[in-house]
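Inspection log for the structure reproduced underneath, given as structure tokens.
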Amino acid sequence: MTSPDRIAYFNGRFVPERDVLVPFRDRGFKFGDAVFDTTRTFGHRIFKLAEHVERLYRSLRYLRIDPGVAPARMIAITEEVVRKNLPLLEPDEDYWVTQRVSRGIDPAYHDVWAQEGPTVIVECVPLPLRERAALFRDGIRVMTPSVRRTPPECLSPRVKTHNYLNLIAGDLEVKARDPQAWAVLLDTHGNLAEGLGSNIFLVHGGVLATPREQAVLAGISRDTVIQLARDLGIPVVEKDVDLYDALNADEAFLTSTSLCVCPVSSVNGARIGGDVPGPLTRQLTDAYCRLVDFDFVGQYLKQLG
Ligand code: PMP
């Protein structure tokens, strides 16, 4: 899905993507010493950009990286990247839109690379609609790997860094068992944490539960669902939930920027609930579609032909 014509922002300039060449001594490449954030477009309109940029700056502050660009400017750059690339989208497609900031190159190597300060990239890429379409028809098969989510005592899971190895190791383990399954890692206490790029919700007796923010990335889609549920009068609790809770849930679903709300059909091979999606998952999905004024489920399902 690379387009030779797509434009990205790279350290102060808008350039063709192939000209975004990060030196191999960049600390983002060497150590994962970088942060990013990703939103999406709905019907070619960007969603909650300010919230994503605020989360980006929270990640930057945690890692003490100064991007050298104010948040308002980051928003303007991102809008410009989307604007420049919209003509390349098919009507049924939408973009993932990402800011990336690394700490840059250590001063010892400035003799080779003149760049001082951070590396700042803003880019977009079409969403993987076809690859994920069947998830909206069949639900997601969730599995919990033996690999546990990095605990907050070691590195805050609330930070969106360029180092996803903990989540990738969990996902690899699960995919080796079932290539179609999605990993949701447990935390070091055995509670559900989160997936490679998603948060999890369970439904019991009409009450929605999701893991506490301290243990996971506070997904913007997670926040959106919590707000929608409150508006609909559906009780929501942020608390520890474990496999016992998951296997006894009436419904479960994942949230993420690309999926928004997507039903879970099974956890570790055990079927969850009845119909996929369950009634509350469907209610929240419909509310999400109304909020963004766009039928994202229809957009996915269309890909199945
Ligand atoms: N957890 C992790 C580890 C993630 O990378 C993501 C994707 N950003 C999420 C949860 C979901 O967050 P959001 O709803 O903001 O996409």
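Just so you know, ligand 1 is whichever comes first in the structure, and atom 1 is the first atom listed for that ligand. For the numbers below, each heavy atom of this structure counts, side chains included, while hydrogens, waters and symmetry mates do not.
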Please confirm whether Y164 and F36 have ring centers closer than 6.0 angstrom. yes
Tell me the residues surrounding ligand 1, counting only those with a heavy atom closer than 4.0 angstrom, sorted by chain and number. H52, R55, K160, Y164, L167, E194, G195, L196, G197, S198, N199, L217, G219, I220, S221, S256, T257
Mind jotting down which residue pairs meet the side-chain hydrogen bond (donor to acceptor under 3.5 Å, both in side chains) criterion with at least one end in residues 294-305? Sequence neighbours excluded, please. R40-Q299, D92-K302, D94-Q299, R130-Q303
Closer than 3.5 angstrom, by distance alone: can the side chain of E173 be matched with the main-chain N or O of S146 as a donor-acceptor pair? yes
Q227-D223 side chain donor-acceptor pair, cut-off 3.5 Å: no
Counting C-beta onward and ignoring hydrogens, is there a side-chain heavy-atom pair between V22 and I121 closer than 4.5 Å? yes
Centroid-to-centroid, F201 to F253, below 6.0 Å? yes
